[in-house]
Amino acid sequence: MNTSPTGSLHHIEVWVPDIDRAKQEWGWILPRLGYATYQSWDSGISWRLDQTYIVAEQSPALSGRKHHRAAPGLNHLAFHAGSQKDVDALVVESALHG
């Protein structure tokens, strides 16, 4: 039975040119925000929090190798991350993860 409210976010899927890099860049912060690894396969990984999950996949159907946030498509993801002190600590730590 689906108990998620209509309009709530189900999942986000981001195609990436380098899955290992995506795991490094996202795999440290998503658990800090409450996500747990949900699924993992050779070309992808997903993390889940409650009913929402985020997927990073290196798809063979990827049409380009570079992303630019000013191009059409996903510009950014924004998360609630706690207090200003919590966010400041994440910003400092993020430099270690790409």
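Nearest heavy-atom pair, Ala56 versus Val16, reported as atom, atom and distance to 0.1 Å: CB-CG1, 4.5 Å. For Pro5 against Ser8, the heavy-atom pair with the smallest separation is O-OG, 2.8 Å. For Gly44 against Ile19, the heavy-atom pair with the smallest separation is CA-CD1, 3.8 Å. When every heavy atom of Val55 is checked against every heavy atom of Ser46, the shortest pair comes out as CG2-CB, 3.9 Å.
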Side chain to side chain contact (heavy atoms under 4.5 Å, CB included) assessment of Leu90 paired with Ile29:
CA-CA 8 Å; Leu90 290 173; Ile29 195 166; 4.3 Å; yes
Decide yes or no on side chain to side chain contact (heavy atoms under 4.5 Å, CB included) for Trp15 and Ser63, but give the supporting numbers first.
CA-CA 10 Å; Trp15 282 10; Ser63 65; over 6 Å; no
For the pair Gln39 and Ile45, evaluate side chain to side chain contact (heavy atoms under 4.5 Å, CB included) and give the outcome as yes or no after the intermediate values.
CA-CA 6 Å; Gln39 298 168 313; Ile45 188 167; over 6 Å; no
Determine, step by step, whether Phe79 and Ile54 satisfy the side chain to side chain contact (heavy atoms under 4.5 Å, CB included) criterion, reporting the C-alpha distance in whole Å, the side-chain angles of both residues, the deciding distance to 0.1 Å, and the verdict.
CA-CA 12 Å; Phe79 298 91; Ile54 298 171; 3.6 Å; yes
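Distance CH2/Trp26 to CZ/Arg21: 11.5 Å, rounded to 0.5 Å. Atom CD of Glu93 is separated from atom CG of Leu96 by 6.5 Å, given to the nearest 0.5 angstrom. We find the CD-CH2 distance between Glu57 and Trp41 to be 5.5 Å, quoted to the nearest 0.5 Å.
For His76, there are no ring-ring contact (aromatic ring centres under 6.0 Å, His included) partners, not counting sequence neighbours.
Grouping the Ile, Leu, Val, Met, Phe, Trp and Tyr side chains by contacts below 4.5 angstrom, directly or via other members, places Trp28 apart from Val92.
Between Tyr53 and Arg48, the side chains place no donor N or O within less than 3.5 Å of an acceptor N or O (distance only, hydrogens not considered). Counting only N and O atoms by type, the side chains of Gln24 and Asp20 include no donor and acceptor under 3.5 Å apart.
In this structure, Asn75 places its CG atom where more than 12 heavy-atom neighbours from other residues, nucleotides or ligands lie under 6.0 Å away.
Between the side chain of Thr52 and the backbone N or O of Leu9, at least one donor-acceptor pair lies under 3.5 Å.
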